[in-house]
Amino acid sequence: MALDTDDVATLETLFTEASSSQTLLAGVRRRFPALTATRCDASDIGVEPAFRSFPRFDLHLVDGRNHCWQLTGNPDDATGIVVVVNRGGP
(Lines give C-alpha, C1' and ligand atoms only; values in the text may rest on other atoms or scores of the structure.)
Protein backbone atom coordinates (compact mmCIF):
# COMPACT_ATOMS: atom_id res chain seq x y z
CA MET A 1 0.00 0.00 0.00
CA ALA A 2 1.60 3.24 -1.11
CA LEU A 3 0.78 6.35 0.91
CA ASP A 4 -0.31 9.40 -1.04
CA THR A 5 -0.21 13.01 0.13
CA ASP A 6 -3.69 12.78 1.68
CA ASP A 7 -2.75 9.59 3.55
CA VAL A 8 0.37 11.25 4.98
CA ALA A 9 -1.73 14.27 6.05
CA THR A 10 -4.22 11.93 7.77
CA LEU A 11 -1.38 10.15 9.59
CA GLU A 12 0.03 13.51 10.68
CA THR A 13 -3.35 14.43 12.16
CA LEU A 14 -3.66 11.09 13.95
CA PHE A 15 -0.12 11.37 15.35
CA THR A 16 -0.72 14.95 16.49
CA GLU A 17 -4.08 14.32 18.18
CA ALA A 18 -3.52 10.92 19.83
CA SER A 19 -3.10 10.89 23.60
CA SER A 20 -1.63 7.39 23.81
CA SER A 21 0.01 4.85 21.53
CA GLN A 22 -3.02 2.56 21.97
CA THR A 23 -5.36 5.32 20.76
CA LEU A 24 -3.03 6.15 17.90
CA LEU A 25 -2.70 2.55 16.72
CA ALA A 26 -6.46 2.02 16.94
CA GLY A 27 -7.04 5.13 14.81
CA VAL A 28 -4.43 4.10 12.24
CA ARG A 29 -5.84 0.58 11.98
CA ARG A 30 -9.38 1.90 11.63
CA ARG A 31 -8.43 4.42 8.92
CA PHE A 32 -5.86 2.23 7.12
CA PRO A 33 -6.87 -1.44 7.52
CA ALA A 34 -4.43 -2.61 4.81
CA LEU A 35 -1.45 -0.90 6.48
CA THR A 36 0.61 -2.85 9.02
CA ALA A 37 0.99 -0.77 12.17
CA THR A 38 3.13 -1.58 15.19
CA ARG A 39 4.65 0.15 18.20
CA CYS A 40 8.21 -0.16 19.42
CA ASP A 41 10.66 1.54 21.73
CA ALA A 42 13.11 4.09 20.43
CA SER A 43 15.96 1.75 21.35
CA ASP A 44 14.60 -0.78 18.84
CA ILE A 45 14.86 1.73 16.00
CA GLY A 46 18.40 2.83 16.77
CA VAL A 47 19.68 5.83 14.88
CA GLU A 48 17.26 5.62 11.96
CA PRO A 49 15.70 9.04 11.38
CA ALA A 50 11.92 9.28 11.66
CA PHE A 51 9.83 10.01 8.59
CA ARG A 52 7.98 12.57 10.74
CA SER A 53 8.42 13.57 14.39
CA PHE A 54 5.66 14.82 16.67
CA PRO A 55 5.69 15.88 20.32
CA ARG A 56 4.56 12.48 21.63
CA PHE A 57 5.46 10.08 18.82
CA ASP A 58 7.75 9.48 15.86
CA LEU A 59 6.46 7.98 12.62
CA HIS A 60 8.65 5.53 10.74
CA LEU A 61 7.63 4.01 7.42
CA VAL A 62 8.23 0.35 6.67
CA ASP A 63 8.80 -1.24 3.27
CA GLY A 64 7.77 -4.89 3.55
CA ARG A 65 7.55 -5.69 -0.14
CA ASN A 66 10.57 -7.97 -0.02
CA HIS A 67 11.37 -10.84 2.30
CA CYS A 68 12.84 -8.57 5.00
CA TRP A 69 11.25 -5.41 6.32
CA GLN A 70 13.25 -2.21 6.10
CA LEU A 71 12.62 1.36 7.12
CA THR A 72 12.05 3.77 4.28
CA GLY A 73 11.60 7.48 3.86
CA ASN A 74 9.51 7.01 0.73
CA PRO A 75 5.71 6.93 1.20
CA ASP A 76 5.38 5.24 -2.22
CA ASP A 77 7.17 2.18 -0.79
CA ALA A 78 5.36 2.07 2.55
CA THR A 79 3.51 -1.11 3.44
CA GLY A 80 3.44 -0.34 7.15
CA ILE A 81 4.33 2.08 9.90
CA VAL A 82 6.10 1.97 13.23
CA VAL A 83 4.94 4.17 16.09
CA VAL A 84 7.75 5.16 18.43
CA VAL A 85 6.79 6.79 21.72
CA ASN A 86 9.06 9.72 22.47
CA ARG A 87 10.77 9.82 25.85
CA GLY A 88 8.28 11.00 28.41
CA GLY A 89 5.35 10.22 26.11
CA PRO A 90 2.34 8.00 26.90
Side-chain angles (χ1 to χ4, degrees):
M1 168 182 183
L3 297 172
D4 63 24
T5 304
D6 291 336
D7 294 334
V8 171
T10 298
L11 284 169
E12 289 173 344
T13 299
L14 291 168
F15 270 71
T16 300
E17 294 177 353
S19 59
S20 70
S21 59
Q22 293 84 2
T23 302
L24 175 54
L25 285 169
V28 169
R29 289 177 178 140
R30 190 171 33 257
R31 175 61 179 86
F32 300 98
L35 191 67
T36 301
T38 191
R39 178 197 180 278
C40 74
D41 293 326
S43 62
D44 294 330
I45 293 292
V47 297
E48 293 291 331
F51 174 71
R52 297 280 191 276
S53 291
F54 304 91
R56 294 182 190 108
F57 310 101
D58 285 343
L59 167 61
H60 292 265
L61 303 179
V62 175
D63 178 355
R65 296 174 299 159
N66 295 315
H67 177 70
C68 295
W69 281 23
Q70 62 184 6
L71 295 176
T72 182
N74 186 349
D76 291 335
D77 296 337
T79 61
I81 67 163
V82 177
V83 174
V84 176
V85 177
N86 290 330
R87 186 174 296 270

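Since the structure is predicted, the reported quantities are computational estimates derived from the model, not experimental observations.
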| task | Among Leu61, Thr79, Thr10, find the one that has a side-chain contact (heavy atoms from CB on, under 4.5 Å) with Leu3. | result | Leu61
| When Phe57 is tested against each of Val84, Leu14, Val82, Leu24 for side-chain contact (heavy atoms from CB on, under 4.5 Å), which residue passes? | Leu24
| Between the main-chain N or O of Arg65 and the side-chain N or O of Asp63, is there a donor-acceptor pair closer than 3.5 Å? |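 Confirmed, Asp63 side chain pairs with Arg65 backbone.
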Side-chain donor-acceptor pairs under 3.5 Å in residues 69-76, sequence neighbours left out?
from, atom 1, to, atom 2, distance (Å)
Thr72, OG1, Asn74, N, 3.0
Asn74, OD1, Asp76, N, 2.9
Asn74, ND2, Asp77, OD2, 3.4

| request: Treating Ile, Leu, Val, Met, Phe, Trp and Tyr as nodes and any side-chain heavy-atom pair under 4.5 angstrom as an edge, say whether Phe51 and Leu35 lie in one connected cluster. | output: yes
| Same hydrophobic cluster for Ile45 and Leu11, using side-chain heavy-atom links shorter than 4.5 Å among ILVMFWY? | no
| message | For Asp41, give me all partners under salt bridge (charged side-chain N to carboxylate O under 4.0 Å, His left out), at least two apart in sequence or on another chain. | response |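 Applying salt bridge (charged side-chain N to carboxylate O under 4.0 Å, His left out) to Asp41 gives Arg39.
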| said: Could you report the tightest heavy-atom contact between Asn86 and Pro55, atom names first, then the distance? | reply: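 Result for this residue pair: ND2-O, 3.3 Å.
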| task | Specify the closest pair of heavy atoms between Arg52 and Glu12, including all atoms of both residues, with the distance to one decimal. | result | NE-OE2, 2.8 Å
| Considering only heavy atoms from C-beta outward, does the side chain of Arg31 approach that of Asp7 to under 4.5 Å? | yes
| Side-chain heavy-atom pair Val83, Ile81 within 4.5 angstrom cut-off | yes
| query | Hey, what do you get for CZ (Arg56) to OG (Ser21), rounding to the nearest 0.5 Å? | reply | 11.5 Å
| query | Parallel, tilted or perpendicular: which describes the rings of Phe54 and Phe15, with under 30° parallel and over 60° perpendicular? | reply |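 Geometry flag for Phe15 against Phe54: tilted rings.
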